[in-house]
2 protein chains.
Amino acid sequence: MHLRTPLDLGLAIRQQRRRLGLNQTDLAGRAGVGRQWIVAIEQGKARAELGLVLRTLAALDLSLSMDDGVEAAGSPGLHLEPIDIDAIVEAARARRP
Amino acid sequence: MHLRTPLDLGLAIRQQRRRLGLNQTDLAGRAGVGRQWIVAIEQGKARAELGLVLRTLAALDLSLSMDDGVEAAGSPGLHLEPIDIDAIVEAARARRP
DNA sequence: CTACATTGTCTTCGAACGACGACAATCGCG
DNA sequence: CGCGATTGTCGTCGTTCGAAGACAATGTAG
């Protein structure tokens with residue numbers, strides 16, 4: 001998932017939080033921040049403190065990586081990973097009752 | 001490049017800045033921040049403002065992406081995200097000659 | 001080595017932070 | 001639908017922010 005804006009980040013945080021079945025208070029406890037901070041960051045708060053952002057990501061088992069924009073723009077096909085359709089179909093079947 | 005701490009980020013910013021042949025004043029101008037802010041972020045300032053961080057990365061043609069840490073740990077496949085099978089199959093068909 | 005360029009550090013000041021408590025609004029389940 | 005759970009918003013307060021200017025310390029090229 002590509003991050004361009006604070007709102008991108010906030011939405012990603014919310015998505016992962018819900019995926020993990022946590023509420024905002026749970027996550028706040030894990031990250032060592034106040035609940036209102038979680039509310040604010042999920043809404044795209046641009047002036048949030050970087051260190052707290054990184055801590056919150058760690059609390060959600062998310063990791064950030066950085067890519068040189070030139071590389072990403074320069075190789076249209078070589079960065080696609082082979083797709084294992086069978087494994088994906090199997091996983092999807094396992095998810096459906 | 002994996003980012004865990006504000007210092008990781010700051011060192012990455014400095015590295016890219018030097019790679020692009022910019023000094024701190026140049027980068028500050030591009031990112032719309034003061035030079036001292038660049039000094040501080042490069043040294044790993046944890047309380048820096050997220051929005052300014054993202055702007056600085058954009059000024060350096062760097063992009064951030066986020067990965068689910070569980071996937072990154074190399075689990076075999078049962079942690080795949082909820083998936084739109086039809087979209088994946090379509091994309092795979094488009095890839096096959 | 002010297003001179004210039006670059007980076008690092010300090011001060012000031014109005015704005016905003018994050019934590020905490022509390023109430024309002026919305027959501028989701030039975 | 002009702003009700004409890006969750007999210008959103010507001011106010012307060014001590015702390016820190018970032019911009020701007022300026023000087024110190026370090027780096028680099030000739």
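Sequence lines set the chain letters: A, B, ... in the order given, protein chains first and strands last, and positions in each chain run from 1.
Summarising the geometry, the separation between CG on B/L50 and P on D/dC17 is reported as 15 Å, rounded to the nearest angstrom. Rounded to a whole Å, the CD1 atom of B/I13 is 16 Å from the C1' atom of C/dT7. C/dG18 atom P lies 15 Å from atom CG of A/L27, rounded to whole Å. Atom-to-atom, CD1 of B/I41 to P of D/dT16 comes out at 17 Å; the value is rounded to the nearest Å. Whole-Å rounding puts the B/N23 CG to D/dA29 P distance at 14 Å. The CD atom of A/E42 sits 15 Å away from the P atom of C/dC27 (whole-angstrom rounding). Taking atom CG on B/D26 and atom C1' on C/dT6, their separation rounds to 11 Å, with Å as the unit. Atom CD1 in A/I38 sits roughly 16 Å away from atom P in D/dT9 (whole-Å rounding).
Among C/dG18, C/dA16, D/dG18, the nucleotide with an atom closest to any side-chain atom of B/W37 is D/dG18. Closest approach to the B/R47 side chain among C/dG8, C/dT6, D/dT16 is made by D/dT16 (side chain taken as heavy atoms from C-beta onward). Closest approach to the A/V33 side chain among C/dA19, D/dA22, C/dG21 is made by C/dA19 (side chain taken as heavy atoms from C-beta onward). Taking the side chain of B/E49 as heavy atoms from C-beta on, and the options C/dG8, D/dT7, D/dG18, the nearest nucleotide is D/dG18. Closest to the side chain of B/Q36, from the set D/dG8, D/dA22, C/dG18, is D/dA22. For A/K45, the listed nucleotide lying nearest its side chain is C/dC17; candidates were D/dA22, C/dC17, C/dG8.
Comparing B/R55 and B/R35 along DNA chain D, the residue whose closest nucleotide (by nearest heavy atom) sits nearer the 5' end is B/R55. Each of A/Q24 and B/G32 has a nearest nucleotide on DNA chain D; the 5'-most of these lies closest to A/Q24.
Separating the CG atom in A/L50 from the CD1 atom in B/I41 is a distance of 5.5 Å, to the nearest 0.5 Å.
Within a 6.0 Å sphere centred on CZ of B/R19, heavy atoms belonging to other residues, nucleotides or ligands number more than 12. No more than 12 heavy atoms of other residues, nucleotides or ligands sit less than 6.0 Å from atom CZ of B/R30.
Among the atoms of the strands shown, only primed sugar atoms or phosphate atoms (P, OP1, OP2) are found under 4.0 Å from some heavy atom of A/A48.
A donor-acceptor contact closer than 3.5 angstrom links the side chains of B/E42 and B/Q24.
Proximity of a side-chain donor or acceptor of B/R17 to a complementary backbone N or O of B/L22 within less than 3.5 Å is detected.
At the phosphate of C/dC27, neither OP1 nor OP2 sits under 4.0 Å from any side-chain N or O atom of A/R18.
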